Number of protein chains: 2
Amino acid sequence: MPYFDAASAAPLHPVARQALLASLDEGWADPARLYREGRRARLLLDAAREAAAEAVGCRPDELAFTPSGTRALHDGIAGALAGRRRTGRHLVVSAVEHSAVLHSAAALEAAGGGFTEVAVDRGGRVDPGAYAAALRPDTALAALQSANHEVGTEQPVAEVAEECRAAGVPLLVDAAQSLAWGPVDAGWSLLTASAHKWGGPSGVGLLAVRKGVRFAPQGPADERESGRAPGFPDLPAIVAAAASLRAVRQEAAAESARLRALVERIRERVPALVPDVEVVGDPVRRLPHLVTFSCLYVDGETLLHALDRAGFSVSSGSSCTSSTLAPSHVLQAMGVLSEGNVRVSLPAGTTEEDVERFLGILPGVVASVRQELGAPAAPEPAVARKAAESELVIDSLGKRCPIPVIDLARSIGDVPVGGLVTVLSDDEAARLDIPAWCDMREQEYVGERPAERGTAYVVRRRT
Amino acid sequence: MPYFDAASAAPLHPVARQALLASLDEGWADPARLYREGRRARLLLDAAREAAAEAVGCRPDELAFTPSGTRALHDGIAGALAGRRRTGRHLVVSAVEHSAVLHSAAALEAAGGGFTEVAVDRGGRVDPGAYAAALRPDTALAALQSANHEVGTEQPVAEVAEECRAAGVPLLVDAAQSLAWGPVDAGWSLLTASAHKWGGPSGVGLLAVRKGVRFAPQGPADERESGRAPGFPDLPAIVAAAASLRAVRQEAAAESARLRALVERIRERVPALVPDVEVVGDPVRRLPHLVTFSCLYVDGETLLHALDRAGFSVSSGSSCTSSTLAPSHVLQAMGVLSEGNVRVSLPAGTTEEDVERFLGILPGVVASVRQELGAPAAPEPAVARKAAESELVIDSLGKRCPIPVIDLARSIGDVPVGGLVTVLSDDEAARLDIPAWCDMREQEYVGERPAERGTAYVVRRRT
């Protein structure tokens, strides 16, 4: 049963499993103790730190093990901000960072600081110049992911690091999605990662802080991990994380080439196989194993369930698959279609057959979801059916994505070319998906305005 | 090789090992995902939460899994304090809490709040009346351990909980040391624990917050664990923690009776076998598996190494075995001898033979450490050897525990009865150990005063 959500959590790598089992008997004691079980645990911890540091590209004493990538980000950002409080309380982030970064930024703002979100292009990539422009004299820290977790786009880390260096601002790089494939370009001041993204066990994150970077751990004092990660370390998991990182790195060159080709196949074939699909994310500067596309007139949750029934586990940034009722902030920042969004991230070892099977079932699955939802048969009528009125208001209030867009598509033919269709919607996804639909259909998106309830989205018929 | 430091970390329980292995294949995916691997993970997480909640004595939705007991305490205290910020910013703790609690109190103080440490008696127990007296109208939270981690003394949780209830102050109980043996008496508002103390894996703590208790998680927002424990959950470890808690509870009645008898044997026999030993902690209201004693004229680190060479792994609260150069705060709060301190905490399954072997080697090990240090042969001379001077000043500056006390013992015979010996010392342990020696030797401890360097400790010869 193919699991295509490696970007969320990868199945345990055989080396991780082996290392975990081997260290259950040796690694349960407190490495701070003087007796033999403690010394043995300390040796394991030291060896794991050396191996992980080598893979990260830092000194062992610069690297702390945290309980998760999220904690590494929370604690790393808080410590770096506090270390430079005298400089200021301003943080720069990209608009497509992991939620742990954006939530840290929100916490900073709630505590009286401030942050700037650097916009990305339609491919999800920040512009180094725009990033540099956001750096201020009171900027305490800048954060940038090495590659995006939802669309796979690689960020220009080296260029941004150079800008940060010139401005004297430390740069924290969230390397969660890329560390399996190789070290991050030099130039970072802090780096974070998460073991279960590379096939290590859950329960292990990495936080590297370069010597010389001002860092003041927040929260109650604790002597573990240089004071940067409180609590008893989960040693078997740490050993397994380090061993599997080394293992995936040895396989990285061959496996990334192989997966890159499989992803390329998905990128090319999906738009050919399925009508009205938008593949999103940078087509070239991207992670090898990840591809994301959105399907017009498709309800993300229904699609995920249908794919699950067909045996494929994928993720989605559609609003209807999240508890927030909003499309993923990444898709929003990119300004791309969010409905029927599917993220495919291939774990190591994914076979060509798995991918072919996926490509084989996808068109039918999408078609049946569309049929269920009453999506218009593509293409929408190019001539006005009635053309009686040059203005039409569609009430889609209370309807969830993708219904407002389907309502729009079914009605656009009811006005003459040049006529206006106004969609009333209180669904957050409409803000993203109606302009995206206009783009795909070469209709004109006029704009939005507040309505008595929800928002009025105005579209002018062009074809 | 007997390992006698279960209070620090217990070896993995067979059930924990089994559950961990079984869930490595089922429990790696994100339990928040909709696909089958995610649903399977969610089922495991839900089942683990139910089992752990039953053992704790709370509702499943009151219980969050944290990455460690330390994080449960840090985050639990911070959240409870923030939840009652309107009431005030005052915290009450006992003087013998785990360092994670005391460090949380220090962090509160650094942030502008305040705390009161409730003193303990020589047995390490708080008095409920004294605890109640520390509660103020602006007290946001009270914290009390169920049992002490260094000396095993059980605290009067039910009585203190009743006082807190009457004062309208939520009580957080740190149940790390006792949860294996049974649930904590009702009356707590928050409860924390740590799985590797009961033979579960490291990487799992518990934080229970009763419904109705005001709680405002601190730090960046995160949707995991009801917003109370950020980061991807370590599901195999959580499953193993819950399964092993259930297992140790089933064995608790029999095993605690068995270990209690073994500990009783150590409590009785050590003072008979080894001269000048003080067994510390409450002799009756105590954990079943833990006993602590201190050996006069013994260097804790040397003793630990010697016991390690003899095959026994124990812990110590002596200053010379810690990086802080101070005796454990627990021994300090109790006002008992700290030198040559040994904590023996028996893991489940410890045999009578292990304990007998320990009792067999201990006297020789202590004697050889004492001989190495040039400790006076007990008892010290009861008659003055010279008695030429009625006042004597001993310069023990720069000497570490237990040398200042040995210097005192070797010199007391040099003054007549009624004469004064002043020990100059800059070792923090002297403050505790010189009065303790006076107690044991029926000499009069006159007091201390600052000296040009270090502190002058004044003793009047009585016998």
Side-chain angles (χ1 to χ4, degrees), chain A residues 1 3 5 8-12 17 20-21 24-25 28-30 33-38 67-71 73-74 77-78 99-100 103-107 194 196 201-205 219-224 230-237 301 304-305 307-308 312-315 321 323, chain B residues 1 3 5 8-12 17 20-21 24-25 28-30 33-38 67-71 73-74 77-78 99-100 103-107 194 196 201-205 219-224 230-237 301 304-305 307-308 312-315 321 323:
Chain A
M1 300 285 268
Y3 170 82
D5 197 21
S8 167
L12 209 57
R17 191 191 180 87
L20 187 70
L21 296 189
L24 284 179
D25 294 326
W28 52 270
D30 186 345
R33 297 290 177 184
L34 302 171
Y35 43 70
R36 65 188 173 284
E37 292 88 353
S68 63
T70 294
R71 296 266 186 177
L73 284 168
H74 288 180
I77 292 172
S99 60
H103 288 153
S104 292
S194 174
H196 72 111
S202 46
V204 183
D222 191 275
E223 77 280 9
R224 306 274 178 188
F232 196 89
D234 186 356
L235 199 43
E301 181 157 351
L304 254 55
H305 283 307
L307 287 171
D308 178 50
F312 292 89
S313 301
V314 300
S315 179
T321 56
S323 53
Chain B
M1 300 288 267
Y3 169 82
D5 197 21
S8 166
L12 209 57
R17 190 190 181 87
L20 187 69
L21 296 189
L24 285 179
D25 293 327
W28 52 268
D30 185 344
R33 297 291 177 184
L34 302 172
Y35 44 69
R36 64 187 173 283
E37 293 87 352
S68 63
T70 294
R71 296 265 187 177
L73 284 169
H74 287 181
I77 292 172
S99 60
H103 288 153
S104 293
S194 174
H196 72 110
S202 45
V204 183
D222 190 275
E223 78 281 8
R224 306 272 179 189
F232 197 90
D234 186 356
L235 199 43
E301 182 156 351
L304 253 56
H305 282 307
L307 286 172
D308 179 49
F312 291 90
S313 301
V314 299
S315 178
T321 55
S323 55

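Throughout, protein chains are lettered first and strands after them, A, B, ... in sequence-line order, and every chain is numbered starting at 1. Remember, it's a predicted structure, so these values are computed and weren't measured experimentally.
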Engineer: Can you name the ring pair (Phe, Tyr, Trp, His ring centres under 6.0 Å) partners of Tyr3(B), sequence neighbours left out?
Structural biologist: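 If we apply the ring pair (Phe, Tyr, Trp, His ring centres under 6.0 Å) test to Tyr3(B), skipping adjacent residues, the hits are Trp28(A), Tyr35(A).
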Engineer: Of the backbone (N, CA, C, O) and the side chain (C-beta and beyond), which part of Pro236(A) lies under 4.5 Å from a heavy atom of chain B, both, or neither?
Structural biologist: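 Answer is side chain: those atoms of Pro236(A) sit under 4.5 Å from chain B.
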Engineer: Carefully, step by step, assess Ser313(A) and Arg33(B) under the rule side chain to side chain contact (heavy atoms under 4.5 Å, CB included).
Structural biologist: CA-CA 9 Å; Ser313(A) 301; Arg33(B) 297 291 177 184; over 6 Å; no
Engineer: Given that the side chain runs from C-beta out, which part of Arg71(A) has a heavy atom under 4.5 Å from chain B: side chain, backbone, both or neither?
Structural biologist: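 Just the side chain, heavy atoms under 4.5 Å.
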Engineer: After noting the C-alpha distance and the side-chain angles of Asp25(B) and Arg17(A), does the key distance pass the salt bridge (charged side-chain N to carboxylate O under 4.0 Å, His left out) rule?
Structural biologist: CA-CA 10 Å; Asp25(B) 293 327; Arg17(A) 191 191 180 87; 2.8 Å; yes
Engineer: Using non-hydrogen atoms and a 4.5 Å limit, figure out which bit of Ser202(A) sits close to chain B: side chain, backbone, both or neither.
Structural biologist: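 Both backbone and side chain of Ser202(A) come within 4.5 Å of chain B.
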Engineer: For the residue pair Pro220(B) and Ser99(A), establish whether any side-chain heavy-atom pair is separated by less than 4.5 Å.
Structural biologist: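 No - every pair of side-chain heavy atoms lies 4.5 Å or more apart.
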Engineer: For Ala106(A), is it the side chain, the backbone, both, or neither that has a heavy atom closer than 4.5 Å to a heavy atom of chain B?
Structural biologist: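 Looking at Ala106(A), nothing touches chain B.
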Engineer: Side chains of Asp308(A) and Leu34(B): closer than 4.5 Å at any heavy-atom pair?
Structural biologist: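 Asp308(A) vs Leu34(B): side chains apart.
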Engineer: Using non-hydrogen atoms and a 4.5 Å limit, figure out which bit of Ala10(B) sits close to chain A: side chain, backbone, both or neither.
Structural biologist: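 Contact with chain A involves the backbone of Ala10(B) alone.
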Engineer: Between Leu20(A) and chain B, with a heavy-atom cut-off of 4.5 Å, which part of the residue counts as in contact: side chain, backbone, both or neither?
Structural biologist: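 The side chain, not the backbone.
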Engineer: Identify which part of Pro11(A) has an atom lying under 4.5 Å from any heavy atom of chain B, answering side chain, backbone, both or neither.
Structural biologist: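 Contact with chain B involves both backbone and side-chain atoms of Pro11(A).
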